[in-house]
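Since the structure comes first, as structure tokens, the remarks are kept for the end.
Per chain, numbering begins at 1; letters A, B, ... match sequence-line order. The shown structure was predicted, so the numbers you read here are calculated from the model rather than taken from an experiment.
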2 protein chains.
Amino acid sequence: MKKQHVTIHDIARELNISASTVSRALHNHPRISRATREAVQQLALKYNYQPNVMASSLRKGRSKTVGVIVPRINRNFFANVIGGMEEVLTSAGYHMIICQTLEKVNHEMFALRTLVNARVDAIIMSISMETKDHEHLRILVDKGIRMFFFDRICEEIRAGSVAIDDRLGAYQSVRHLLDQGYRNIVHVAGAGHINIYRARKQGYLEALREAGIPDRDSWIIEESLIPEGGKAAFEIGMKLAPRPDAYFCAGDYAALGILQAARNRGLKVPDDLGITGFANEPFTEFTEPSMTTVDQRAGEMGVMVADMFLKDVDQSDGANPVERIMLKPELIIRNSSMLNK
Amino acid sequence: MKKQHVTIHDIARELNISASTVSRALHNHPRISRATREAVQQLALKYNYQPNVMASSLRKGRSKTVGVIVPRINRNFFANVIGGMEEVLTSAGYHMIICQTLEKVNHEMFALRTLVNARVDAIIMSISMETKDHEHLRILVDKGIRMFFFDRICEEIRAGSVAIDDRLGAYQSVRHLLDQGYRNIVHVAGAGHINIYRARKQGYLEALREAGIPDRDSWIIEESLIPEGGKAAFEIGMKLAPRPDAYFCAGDYAALGILQAARNRGLKVPDDLGITGFANEPFTEFTEPSMTTVDQRAGEMGVMVADMFLKDVDQSDGANPVERIMLKPELIIRNSSMLNK
DNA sequence: CGTTTTTGTGCAATCGATTGTACAAGATTT
DNA sequence: AAATCTTGTACAATCGATTGCACAAAAACG
């Protein structure tokens, strides 16, 4: 249990020079003589000197840390985004502090305060379901805190963002169902105040209109996107006329609920009923029949938003043109929607 | 874009007192008069003063941060553990810095160095697959760094840990298969140098022996625990005599591979073949038939290891009796192993 | 009333790294 | 040889919070 860490002062003392010289030598300052520089660097190596991040952060006012806020860490999508960010940020010398909101706006505010306290160099977040008002976000941006959004972005705030083109993903899904010959397509939708669910609804409507199929409000069923929500939507759908022959769900878990409900009713998928989900959750590959869905390219999204941040700090000439990237989603066609064999 | 943060000096100036008095007032130091204390606290509230964590960390030598190292953030199990830790640590005022090793030992060493640099108050980790040697861990523990393991623990290091009783989980699974009437049970095993896979094998052997069934080495097939590994194991199993009637897999993805391979061969699960997995991955609920597996109580594990850390820092009287907790796993019986209906 | 104790506050050092400025010695220019 | 420039290093302040020590004023005591 020796002294825990070597400091520049330890090195300075041993070489009979000042700490400032050591610091400069370690940073290859041009004014430091070659002899001194090499002596310092050798000794640093010998003692395995590691700069105290807190001290240098305090002095420089930058913490080399990025705060990440997600609704839930253990949701497949978010875990993948975080995985992507981690790879980029770590290799650029940044840490990540991670907070989850559990979809609660007060958790979100708490997390924001925590991260601002920790003096993170940026906050990268996906807003919670409950977040309808964005005043707490605006305050931070106005204060000059670097902020980036991914997936669930807040359009009203001027901030960089990466998201997938949900509208396009939905459009492609519905278009695919139409191509397969399905005609009476119900949309199981998510909460309307979240941009991604609004966009998915738009894509659904667009595909129908393009095909000349009238859209009706009663065919858009807003439900919680969990298996139970899917089952509820299925029951509602059973009462519609004409009888729906396909369900486009804004989430995979809801699609799974539809699948289970259909099975219970003796309906065959995909013959009697086509089903598509959204998110490419791992289980969709393994359901019977396997589920058609839309991949959100989570890992890439994490990489891109992290890169966006790095680019921004690098230039940091103040004039940051806010970039909003939209990734193209990938329609993954599986058996739950393959009418033609 | 005003001045970003209020400091104790700002408050001190406004009240014509010294910064040290402000600091003491904010910490309810008994020597500070009531009047001063209240004035300070009011002003702090008014300006929404938030202490600079880096400054206080630097001074106090504690960062209020915990480093977490996992093989992959986006693996369901680890994401759930992290989720559990997050809830506990955040409400105790700690941050988490998260690193992933991607199962590489050099990534692991890099992560350790990074976290030590960041002066984390503890490191909570699950070792990578590649980690066979533990010298790099011992060095840190000897240096006095607080270390805790979960799931994949390193027994040779004296450190607190939380894991599930893998041996028991395996024993229960195999016992269940035997109770169902299966007799010729293959074990698809994981890498033998990882404690959890060794323990699962032990449980398998124990259940067989207890039932008076001879165990043979050729019935233990060590494979990568992915669907392809399962398929490979299935092919090997097809050549055994007598023909296996059940597979106990050390991982769910391998079990899935067996399920798919069996289906391709026209074998009916569970009638012709019983299958059980390990980990309770979300998809196991949704396969056809649904998969029997063992739940590892990931969230609880995260909560417990975080609590263990908090208890340790709180007392910190040096005399820390190393605690090694073993959680009881939960056998989740589903259709892939239900011979009796 | 003089002495001791308690109370309330400020000073200054500290944590470790960084950086503007000063300054001496050596090199170059005129 | 004097003037100027370059090179190499040290000093001291700084980032913001914390804390041991000092000390004055007030209170308690004999």
Which part of the nucleic acid, if any, lies within contact of B:S57, taking any heavy atom under 4.0 Å across all strands shown: a base, the sugar-phosphate backbone alone, or nothing? nothing
Using a cut-off of 4.0 Å on non-hydrogen atoms, how would the nucleic acid contact of B:S20 be classed: base, sugar-phosphate, or nothing? base
Would you kindly give the NE2-to-C1' distance between A:H27 and C:dA17, to the nearest whole Å? 8 Å
Please report, rounded to the nearest Å, how far the P atom of C:dA17 is from the NE2 atom of A:H5. 10 Å
Before accepting this row, confirm whether a basic side-chain N of the pair A:R13/A:D10 lies closer than 4.0 Å to the acidic partner's carboxylate O. yes
Shortest side-chain distance from B:T21, nucleotide among D:dA17, C:dG10, D:dT9: C:dG10
Does the pair B:E156/B:R138 count as a salt bridge with the N-to-O cut at 4.0 Å? no
Rounded to whole Å, how long is the line connecting atom CD1 of B:I8 with atom C1' of C:dC11? 14 Å
Euclidean distance, atom CG of residue B:L58 to atom C1' of D:dC15 [Å, nearest integer]: 9 Å
Any donor-acceptor pair under 3.5 Å joining the side chain of B:R31 to the base of C:dT7? no
Nearest whole Å is fine: how far is C:dG20 C1' from A:K60 NZ? 16 Å
Lys/Arg N to Asp/Glu carboxylate O, A:R146 vs A:D121, below 4.0 Å: no
Toward the 5' end of DNA chain D, by each residue's nearest nucleotide, B:S56 or B:R24: B:S56
Figure out the CZ/C1' separation between A:R59 and C:dA17, and round it to whole Å. 8 Å
Reference residue B:T131; test side-chain hydrogen bond (donor to acceptor under 3.5 Å, both in side chains); the match among B:H136, B:E103, B:E108: B:E108
When A:A55 and B:T36 are each assigned the nearest nucleotide of DNA chain C, the 5'-most assignment goes to B:T36
Ionic contact status for B:E38 with B:R34, cut-off 4.0 Å: yes
Let's see if you can work this out: which of D:dA10, D:dG16, C:dG16 has an atom nearest to the side-chain heavy atoms of B:T7? D:dG16
Measure from the side chain of B:I17, starting at C-beta and using heavy atoms only, and say which of C:dG10, D:dT9, C:dG16 lies closest. C:dG10
Nearest-angstrom distance from the residue atom CG of B:N52 to P of D:dT18: 10 Å
Between P of C:dA17 and CG of A:D10, the distance in whole Å: 8 Å
